[in-house]
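Below is one structure; the comments refer to it alone.
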Amino acid sequence: QVQLVESGGGSVQAGGSLRLSCAVSDYDGRAKYLGWFRQAPGKQREGVAAINTGETGEGYTGYDNDVKGRFTISRDNAAVYLQMDILLPVDTAMYYCAAGSRSLRWSLVPSDYTYWGQGTQVTVSS
């Protein structure tokens with residue numbers, strides 16, 4: 001079982017920054033990759049960024065095109081983070097972290113993930 005607990009959401013004006021954290025408890029080492037997803041009201045959940053848990057460097061992280069250059073995913077032994085800069089009103093959503101165990105480097109597809117956190121709200125005002 002992998003347990004995930006997000007924190008760091010809040011309200012910010014457009015152009016501002018937020019840093020989301022997700023504490024990861026994975027005693028069996030099941031998670032092969034970790035991801036951040038978001039879901040706005042009335043919309044489908046979409047992948048934002050993902051990172052491999054075992055390897056580092058180019059090719060072991062991925063970003064949605066809408067956030068590339070503005071968001072940065074990182075991790076350490078206990079958590080995964082999402083640094084969000086130059087936030088826009090369209091970034092307003094509930095943000096979730098997730099863990100997956102398929103034979104993938106990373107993924108932005110929700111169905112590739114088994115474990116999910118409870119979510120943290122991000123609101124960006126214009």
Side-chain angles (χ1 to χ4, degrees):
Q1 188 78 0
V2 179
Q3 295 181 326
L4 305 161
V5 180
E6 302 98 333
S7 61
S11 297
V12 65
Q13 288 190 326
S17 298
L18 281 174
R19 180 177 168 87
L20 304 182
S21 299
C22 176
V24 180
S25 298
D26 182 15
Y27 302 109
D28 297 327
R30 297 184 181 189
K32 300 296 188 291
Y33 44 89
L34 301 167
W36 284 99
F37 292 78
R38 65 187 181 187
Q39 188 167 18
K43 294 189 176 182
Q44 290 188 334
R45 190 168 297 190
E46 62 178 3
V48 174
I51 189 167
N52 189 273
T53 59
E55 304 288 343
T56 59
E58 188 173 347
Y60 292 99
T61 58
Y63 295 91
D64 181 80
N65 285 335
D66 288 344
V67 306
K68 199 172 292 184
R70 299 190 296 122
F71 291 10
T72 304
I73 190 170
S74 61
R75 63 170 176 81
D76 57 28
N77 288 337
V80 59
Y81 308 95
L82 187 67
Q83 177 67 40
M84 305 186 294
D85 298 316
I86 318 175
L87 281 162
L88 306 171
V90 295
D91 296 318
T92 295
M94 184 72 78
Y95 282 72
Y96 301 87
C97 71
S101 56
R102 294 188 177 184
S103 298
L104 301 169
R105 285 189 175 186
W106 52 269
S107 174
L108 296 179
V109 178
S111 60
D112 285 335
Y113 288 78
T114 304
Y115 306 98
W116 293 84
Q118 82 287 351
T120 186
Q121 178 68 36
V122 171
T123 302
V124 184
S125 58
S126 58

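The basis for the numbers below is simple: all heavy atoms, side chains too, and nothing from hydrogens, waters or symmetry mates. These numbers come from a predicted model, not from an experiment.
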For [X], which fellow cluster members are found when Ile, Leu, Val, Met, Phe, Trp and Tyr are connected by side-chain heavy-atom distances below 4.5 angstrom, either directly or through intermediates?
X: Tyr60; value: none
X: Val5; value: none
X: Ile86; value: none

Give the minimum heavy-atom separation between [X] and [Y], together with the two atoms involved.
X: Val48; Y: Val67; answer: O-CG2, 3.5 Å
X: Ala49; Y: Leu82; answer: CB-CD1, 4.0 Å
X: Trp36; Y: Val80; answer: CZ2-O, 3.6 Å
X: Asp85; Y: Ser17; answer: OD1-OG, 2.7 Å

Check: If you look only at pairs with a residue in residues 9-18, which of them pass as a salt bridge (charged side-chain N to carboxylate O under 4.0 Å, His left out), with sequence neighbours excluded?
Finding: none
Next item on the list: Mind jotting down which residue pairs meet the salt bridge (charged side-chain N to carboxylate O under 4.0 Å, His left out) criterion with at least one end in residues 30-57? Sequence neighbours excluded, please.
Entry: Asp28-Arg30, Arg38-Glu46, Arg38-Asp91
Item checked: Sidechain-backbone polar pair: Gln39 side chain, Ala93 backbone, donor-acceptor under 3.5 Å -> no
Checklist line | Asn52 side chain vs Arg105 backbone, donor-acceptor pair below 3.5 Å | finding: yes
Which distance, rounded to the nearest 0.5 Å, do you find between the [atom1] of [X] and the [atom2] of [Y]?
X: Arg70; Y: Met84; atom1: CZ; atom2: CE; result: 9.5 Å
X: Leu34; Y: Tyr81; atom1: CG; atom2: OH; result: 11.5 Å
X: Ser126; Y: Leu88; atom1: OG; atom2: CG; result: 11.0 Å
X: Thr120; Y: Met94; atom1: OG1; atom2: CE; result: 7.5 Å

Item checked: Exceeds 12 heavy-atom contacts within 6.0 angstrom, atom CD of Gln44 -> no
Note to self: Any non-hydrogen side-chain atom of Arg75 less than 4.5 Å from a side-chain atom of Thr56?
What the structure shows: yes
Check: Side-chain contact, heavy-atom cut-off 4.5 Å: Leu20 with Val122?
Finding: yes
Checklist line | All pairs passing disulfide (SG to SG under 2.5 Å) where residues 82-126 contributes a residue, at least two apart | finding: Cys22-Cys97
Margin query: Just to verify, what does Tyr33 make a ring pair (Phe, Tyr, Trp, His ring centres under 6.0 Å) with, not counting sequence neighbours?
Written below: Tyr113
Identify, with sequence neighbours excluded, every residue that meets side-chain contact (heavy atoms from CB on, under 4.5 Å) alongside [X].
X: Thr123; result: Ser11, Thr92, Gln121
X: Ala78; result: Asp76
X: Thr72; result: Tyr63, Gln83
X: Val109; result: Ser107, Ser111, Asp112

Note to self: Enumerate the ring pair (Phe, Tyr, Trp, His ring centres under 6.0 Å) contacts for residues 83-107, please, sequence neighbours excluded, ordered by first and then second residue.
What the structure shows: none
Next item on the list: Examine Trp116 together with Phe37 and report whether their ring centres are nearer than 6.0 Å.
Entry: yes
